[in-house]
Amino acid sequence: MSIVPKETIEVIAQSIGIANLSTDVALALAPDVEYRLREIMQEAIKCMRHSKRTVLTADDVDSALSLRNVEPLYGFASGDPLRFKRAVGHKDLFYIDDKDVDLKDVINAPLPKAPLDSGVVAHWLAIEGVQPAIPENAPVEAIVAPSENKRSEHGKEDGLPVDIKLPVKHVLSRELQLYFDKITELIVSRSDSILFKEALESLATDSGLHPLVPYFSYFIADEVTRSLNDLPLLFALMRVVRSLLRNPHIHIEPYLHQLMPSMITCIVAKRLGHRIADNHWELRDFAANLVASVCRRFGHVYHNLQYRLTRTLLNAFLDPSKAMTQHYGAIQGLAALGPSVVRVLILPQLETYMQLLEPEMQLEKQKNEMKRKEAWHVYGALLCAAGKCLYERVKLFPSLLHPPTRQFWRSNGRVATKMPNKRKASSSHLLQQPALKKLASDGTAGSIPPISMTTSMQAAADGFPTPSESGIRPSSSTGQLSNESISGGSRKEKSGGKAPTPSTVLAQAWKEDLDAGHLMASLFELFGEGIFSFIQPVEMSFFL
Amino acid sequence: MEEEELQKAVYAYLRKKGFRQTELALQEEQNRLSSSAQSDLAVSRLDNDPARYHDAYSKLRSWAYSSLDLYKHELLRVLYPVYIHCFMDLVAEGHMQEARTFFHTFREDHELTHLRDLQKLEGILSPSHLEEMELARSLRQNKVKIKLCEYSYDLLLQYLQKTQSFTMLGIINEHINFEVSAGQPSSISDDADVVALVGSSQDIAKHINQKEVRWGLLEDSVEERLERALSDSEKAEGENKEVDPEDSKKRSVEGAKQGVSVKKLKKDKLVGATGKNIRSETSTVSMAPRVKPELTLPVMTTEVEQSILEDLRNRVQLSSLALPSISFYTFINTHNSLNCSSISHDGSLVAGGFSDSSLKVWDMAKIGRPTKTSNLQGESESVQNEHLLGPEERKRSYTLFQGHAGPVYSATFSPFGDFLLSSSSDSTIRLWSTKLNSNLVCYKGHNYPVWDVQFSPVGHYFASCSHDRTARIWSMDRIQPLRIMAGHLSDVDCVQWHANCNYIATGSSDKTVRLWDVQSGECVRVFIGHRSMVLSLAMSLDGRYMASGDEDGTIMMWDLSSGRCVSPLMGHSSCIWTLAFSCEGTLLASGSADCTVKLWDVTASMKVPRMEENKASSTNRLRLLKALPTKSTPVYTLRFSRRNLLFAAGALSKQV
């Protein structure tokens, strides 16, 4: 009946020496005990209110007891709230964990510090009704939500709805903090170690890292702006970004706005690294690919992401006052976004741009070797971007000619599968027989990837660092050659497959092809004799 | 036997109220029933069964809830008294188990409005407790008054007859007084009137509230003298121009006198507005009726008067458009032991009462940025600025007053800052001199902890209130109280003086606020409406309005002359520790345990009820002008200086 069970009364009776308390008495006492308890609590709450507190303390109960002329309970006074522990096996039985204290320890312990004496400090809570933004005042957005749940009710009645944003309390576990410290230390100081590689792996796969993402993104943004001339660090940071982007457990979207500027900086910054020998080209390429991957992943969520990115890059590309390095970055960035972007944004500007670029590349006109080299890099990037675009155009045709090719294929299916070269299917049907034969004869078949754009581009870019001019051309042309030869191959095949195709498809194909033809022609014009050598077979194949 | 009596009672009741039709219907039905005597028997057998309360109440409840929407809220009001009386009847009959289950089954319905009462009643576990507990006893002895419209009343009676729930009828007859009014049911918002189920009969309260309260200002007050001085100065314009050159940097809105002097320039609009402000302000002051003081008031020295006049001249006019500046004093390192604080009128002294029975006074002119208060306030205390802090003073920035033997629950500065009063749980009040830094008098009289003590606006007299359910009036020169105000049904938690010193108001744990005549010691007003313990009171300076704040965070504004609530207002989510009216009564500031200071527009809420008296009361609310959050510092004290600078104090508390 009462919340105090009669057993309790019996136990208490035993503890004060009444061994045989009859059940009736216990039953009669129990409700009274509850009543007294409630009475004391009521008084204690009054005392609490008059002490201007909202949390009941042991002192309040003592005051209430003394109000009732009852001896206070000694030994419970404490400033802290009491720590109750749940008794094992009981749902609502609690006890205070009272530890045994060794007297020796207490005696030997140094004296605790004296508590600070109370004081009063003054500040302006408001000046003519306006709260000044000083540290003594609560920040406006961080209004502490009162714990009482009555708030919502009052809010409704208030008639003046106040929109209060609750502060987000971010709790980081000790482990995560350690992890963060360790990773940042690795990034800053030992980005070439094996450990760092493992760290990157961990960043890309571990599932519990989400709480750290804001810290990482802040760290990256901060470090990039601070250490633009520390190339290894920048590279390390970009790798971290890549790992974070890769991690399937991280919801990185909300932090993109913080990461994107850093990445774009790594693409189009004027100077990256402090030494001439620093291979900042590689970093630019890396970052460009990173940005492109972000665009692919989040482009549908943030529809203006790619737009803003291309605008930034295009501005860098079209501004003649910008350094060559910046142009290079912009071109690589745009190229990474895909051939269609190149076609729409770069190709129309190509002619004018080449006019600007040409004098920079020529030995007689640009005496500064450094500058010249940069110009050649840009040239290479442009070539690569244009070439890829061209390739993509050409790649479209087989799809038009698909049915006939299939048929065509059926007949030679055996042969195709028996080809020793284990290519992926993605290398597409069009490449098969004739192209392969041709390439195999060239001896470069192995180096032709099944058109992973980036690698071919990388190859092109890799070819450049060799200082001699003569070195550049062949290497770049080999890279390009592969592309072109592939397209050439496709063309050949197409011409082979022309016969069975219906005339309508042909007409369409011709139209597209003509476009491509124009494109190629103009490209040929622009890139001049430098690429004439590898355009030649294409042309030839086209006209075959 | 019992039933017959009951029937008689019903008939008598119906006859008294003039419900002839109902009576006839009842008779008819009764006749029909008597023909089948068996059912009667069944009823009487049922009567002794404790379950009948449960059944009957649940039936009544479901009926009330499914009644017509228009009358529903009126009928629902009946449920609560029936509910608690059913419970108490069950207890009285000794059916403890049934009482418990009954209580818990229907508890939820009433928790929203009557939580605190329910918590108390929950503790009743034996018939003896009913006798012992104040609340229960007063509930048993007194009748609750419920307003019903005619039709709801009919509905209720019809229902009770049809279902023959004599248990319910008995309870309703015994404990409820219906106030039947013709016409439409009252609006839901009037519920507030019904909420407080106070022990004291509401009739008495009504009777008390008929008495006259002369809420006007004192004759010949300083303000009046200032006004006179002003009109004089307007006559003799020429001389006044050089009066306050040091004020020229202050805003033109600031001072009355300055406003006048600038008004002469008659140049820009702002000044014109100020002039109007002043005129309207002075007119409101003069509008308030004058009353003669009932106490012999202490004589003011001319220096003090001068300083007050000076302050009045420099007073900033506050309104909903011109909010006050707030200087906040934060107590640090209090280790949760600060119980109360007080700020002197000019903000230069801050006192804190601690639970370790000490009282500490900080002179804000000396510590911290010494220029701050004195520059802005520019009041007479500035002399102390000169001597710098010595090393020994640095050690302890405050003056320690020791003498109490228990937690200090309240402290108050005399109007001119010379004296400090403190009240403690050792049931004494002590008077301290801030000039001599020592204890002067110990006033013994209360028998239990003294919760609050307040100096009168003119000094010399002070009022205290205690756990012993009394409030007392003292004068500084006597060690016995001059008056004892008894009447509250529970602890008297806070006390406040009326501006004209003829009345004090007390707020109590019995959820009422009372107004007492100081001269006669009589209760002249009972204000019913709070739903929990009243924690803070404030009186407007024109003496017409009073604000009270409670444990739940509700503030109520009362019109003293009518005894009615002008507007209840919600906004705080926790205990309201302090309230303060600005000097011209346009703003109300409230400080709460939810760590905010809120400013309310008083004028907006006053005008509405004046214009349309009928709708009045709860429909309009005080407008919240501004909520200023502190940094996890509950606000303990608020005080407007005479120049309308708002001082606030609170102890920085660690958030768990």
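These numbers were taken from a predicted model, which means no experiment stands behind them.
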Check: At what distance, to the nearest 0.5 angstrom, does CZ of A:R38 lie from CE of B:M133?
Finding: 8.5 Å
Notebook entry, point to check: Quick one: what part of B:Y448 sits under 4.5 Å from any heavy atom of chain A, side chain, backbone, both or neither?
Noted result: side chain
Next item on the list: For side chain to side chain contact (heavy atoms under 4.5 Å, CB included), just list the numbers for B:Q119 and A:Q42, CA-CA rounded to whole Å, side-chain angles, deciding distance to a tenth of an Å, and then say yes or no.
Entry: CA-CA 9 Å; B:Q119 279 169 351; A:Q42 187 191 313; over 6 Å; no
Notebook entry, point to check: Which heavy atom of B:H129 sits nearest a heavy atom of A:Y35, and at what distance?
Noted result: CE1-CB, 3.2 Å
Notebook entry, point to check: Taking atom CG of B:N339 and atom CE of A:M48, what is their separation to the nearest 0.5 Å?
Noted result: 12.5 Å
Note to self: If I measure from the heavy atoms of chain A, does B:S490 come under 4.5 Å with its side chain, its backbone, both, or neither?
What the structure shows: side chain
Item checked: Toward chain A, the part of B:E122 with a non-hydrogen atom under 4.5 Å -> both
Next item on the list: State, to 0.1 Å, how close B:I326 and A:W124 come at their nearest heavy-atom pair, and which atoms those are.
Entry: O-CE3, 3.2 Å
Note to self: I need the B:C575 SG to A:R53 CZ distance, nearest 0.5 Å.
What the structure shows: 11.5 Å
Check: Side chain, backbone, both or neither: which part of B:V408 has a non-hydrogen atom closer than 4.5 Å to chain A?
Finding: neither
Item checked: Most contacts with chain A, counted as non-hydrogen pairs under 4.5 angstrom, among B:G123, B:A627, B:S355 -> B:G123
Margin query: For chain A, which candidate among B:Y409, B:W451, B:F331 shows the most heavy-atom pairs at distances under 4.5 Å?
Written below: B:W451
Checklist line | Which atom of B:W577 lies closest to which atom of A:T54, heavy atoms considered | finding: CZ2-CG2, 4.5 Å
Margin query: Report which part of B:A593 has an atom under 4.5 Å of a heavy atom belonging to chain A: side chain, backbone, both, or neither.
Written below: side chain
Notebook entry, point to check: Regarding A:S118 and B:K360, is there a side-chain donor-to-acceptor distance under 3.5 Å anywhere?
Noted result: yes
Note to self: Can you tell me which portion of B:L652 sits under 4.5 Å from chain A's heavy atoms? Options are side chain, backbone, both or neither.
What the structure shows: neither
Notebook entry, point to check: Looking at A:R49, A:K46, A:K52, which hits salt bridge (charged side-chain N to carboxylate O under 4.0 Å, His left out) with B:E551?
Noted result: A:R49
Margin query: Given heavy-atom pairs under 4.5 angstrom as the criterion, report whether the side chain, backbone, both or neither of B:P324 touches chain A.
Written below: backbone
Check: What's the spacing between B:F328 CZ and A:Q131 CD if we round to 0.5 Å?
Finding: 10.5 Å
Next item on the list: Select one option (side chain, backbone, both, neither) describing which atoms of B:H335 are under 4.5 Å from chain A's heavy atoms.
Entry: side chain
Next item on the list: Using only heavy-atom distances, determine whether the side chains of B:D493 and A:H50 contain a donor-acceptor pair under 3.5 Å.
Entry: yes
Next item on the list: Find the one option among B:M533, B:K626, B:E132 whose heavy-atom pairs under 4.5 Å with chain A are most numerous.
Entry: B:E132
Checklist line | Identified side chain to side chain contact (heavy atoms under 4.5 Å, CB included) counterpart of A:L125 within the set B:T330, B:T633, B:T630, B:L646 | finding: B:T630
Margin query: Just so I understand: if I count every heavy-atom pair under 4.5 Å between each of A:C47, A:A28, A:A126 and chain B, which residue has the most?
Written below: A:A126
Item checked: CD1 on B:I332 to CG on A:D117, rounded to 0.5 Å -> 9.5 Å
Check: What is the minimum heavy-atom distance between B:L628 and A:G129, and which atoms define it?
Finding: CD2-O, 4.3 Å
Note to self: For B:L535, which atoms come within 4.5 Å of any heavy atom of chain A: side chain, backbone, both, or neither?
What the structure shows: side chain
